[in-house]
Amino acid sequence: MLADKACAVVLSRESPPRILLFRHPQAGVQLVKGSIEPGETPPQAALRELWEESGLRAVAIKDDLGCWQSGHHGQLWSFHLCQVDGSLPEHWAHQTLDDHGHRFEFFWAALEPLPDDECHPVFCRALVFLREALQARGHA
């Protein structure tokens with residue numbers, strides 16, 4: 001089964017690292033995620049989604065963190081650890097050109113404990129998978 005969603009994962013440079021999340025004005029706290037377009041690889045989709053949703057462009061894929069069966073509409077999510085050139089602020093907002101032109105509020109969150117109370121259940125489950133994948137690969 002091929003992944004149909006790609007997730008861009010950005011970690012802070014501090015120890016222990018924090019994960020970049022954003023607050024969607026209608027759907028709560030989320031990871032950067034979107035559909036993989038025809039002819040696009042999952043890493044390409046992750047970089048494109050990160051640019052569209054956050055405005056970040058100077059980014060490279062650092063590691064493939066694997067795929068996860070979301071249990072949400074049969075979606076298979078592909079996770080990609082991204083490295084951003086330069087430092088990022090503690091929080092910022094980005095006005096999207098797609099997704100109905102929403103304003104996304106970005107912030108850093110600890111991996112322990114996860115911000116379960118603000119996330120949709122599918123993102124809560126995704127963060128648990130992601131925390132385990134990051135730990136298994138020595139990133140957290």
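Taking hydrophobic clusters as Ile, Leu, Val, Met, Phe, Trp and Tyr residues chained together by side-chain heavy-atom distances below 4.5 Å, Leu56 does not share a cluster with Phe79. Phe123 and Trp108 end up in different hydrophobic clusters when Ile, Leu, Val, Met, Phe, Trp and Tyr side chains are linked at under 4.5 Å. At a threshold of 4.5 Å between side-chain heavy atoms, the hydrophobic network of Ile, Leu, Val, Met, Phe, Trp and Tyr places Leu127 and Leu11 in one connected group. There is no path of hydrophobic side-chain contacts, each under 4.5 Å, that joins Val59 to Leu81. Linking ILVMFWY residues whenever their side-chain heavy atoms come closer than 4.5 Å, directly or via other members, places Leu47 and Val32 in the same cluster.
Here Ala6 pairs with Ile36, Ala45, Ala46 under the side-chain contact (heavy atoms from CB on, under 4.5 Å) rule; sequence neighbours left out. The ring pair (Phe, Tyr, Trp, His ring centres under 6.0 Å) test applied to Trp92 returns Phe106, not counting sequence neighbours. With sequence neighbours excluded, the residues satisfying side-chain contact (heavy atoms from CB on, under 4.5 Å) with Cys67 are Ala3, Leu76, Ser78. In this structure, the salt bridge (charged side-chain N to carboxylate O under 4.0 Å, His left out) partners of Glu52, at least two apart in sequence or on a different chain, are Arg48.
Using a 4.5 Å heavy-atom cutoff, the side chains of His94 and Glu53 are not in contact.
Each side-chain hydrogen bond (donor to acceptor under 3.5 Å, both in side chains) pair with one or both residues in residues 57-71, not counting sequence neighbours, appears once here: Asp63-Arg137, Asp63-His139.
A cation-pi arrangement is not found for Arg23 relative to Phe104, the charged atom failing to lie both closer than 6.0 Å to the ring centre and inside a 45° cone about the ring normal.
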With side chain to side chain contact (heavy atoms under 4.5 Å, CB included) as the test, would you mind laying out the steps for Cys82 and Ile61 before giving the verdict? CA-CA 4 Å; Cys82 299; Ile61 299 293; 3.8 Å; yes
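Heavy atoms of other residues, nucleotides or ligands lying less than 6.0 angstrom from NE2 of His91 number 12 at most.
Under 4.0 Å is where a charged nitrogen must lie from a carboxylate oxygen, and between Arg131 and Glu112 at least one such pair does.
No side-chain N or O of Glu49 forms a donor-acceptor pair with one of Trp51 less than 3.5 Å apart.
A distance of 5.5 Å separates NE2 of His24 from CD of Gln30, quoted to the nearest 0.5 Å. Atom NZ of Lys33 sits about 5.0 Å away from atom NZ of Lys5, to the nearest 0.5 Å. Ser54 OG to Leu88 CG: the interatomic distance, rounded to the nearest 0.5 Å, is 8.0 Å.
Checking side-chain atoms of Gln135 against main-chain N and O of Glu132 turns up no donor-acceptor pair under 3.5 Å. Trp77 places no side-chain N or O within donor-acceptor distance of the main-chain N or O of Asp4, the cut-off being under 3.5 Å. Distance alone, capped at 3.5 Å, is enough to place a donor-acceptor pair between the His120 side chain and the Val122 backbone.
Residues Phe129 and Leu65 share a closest heavy-atom pair of CZ-O, 4.0 Å.
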Please list, one pair per line, the donor and acceptor atoms closer than 3.5 Å that link side chains of residues 12-22 to other protein atoms, with sequence neighbours excluded.
| unit_1 | atom_1 | unit_2 | atom_2 | d |
| --- | --- | --- | --- | --- |
| Ser12 | OG | Arg18 | N | 2.8 |
| Arg13 | NH2 | Val84 | O | 2.4 |
| Arg13 | NH2 | Gly86 | O | 3.2 |
| Glu14 | OE2 | Arg18 | NE | 2.3 |
| Glu14 | OE2 | Arg18 | NH2 | 3.3 |
| Arg18 | NH1 | Glu90 | OE1 | 3.1 |
| Arg18 | NH2 | Glu90 | OE1 | 3.4 |
| Arg18 | NH2 | Glu90 | OE2 | 2.8 |

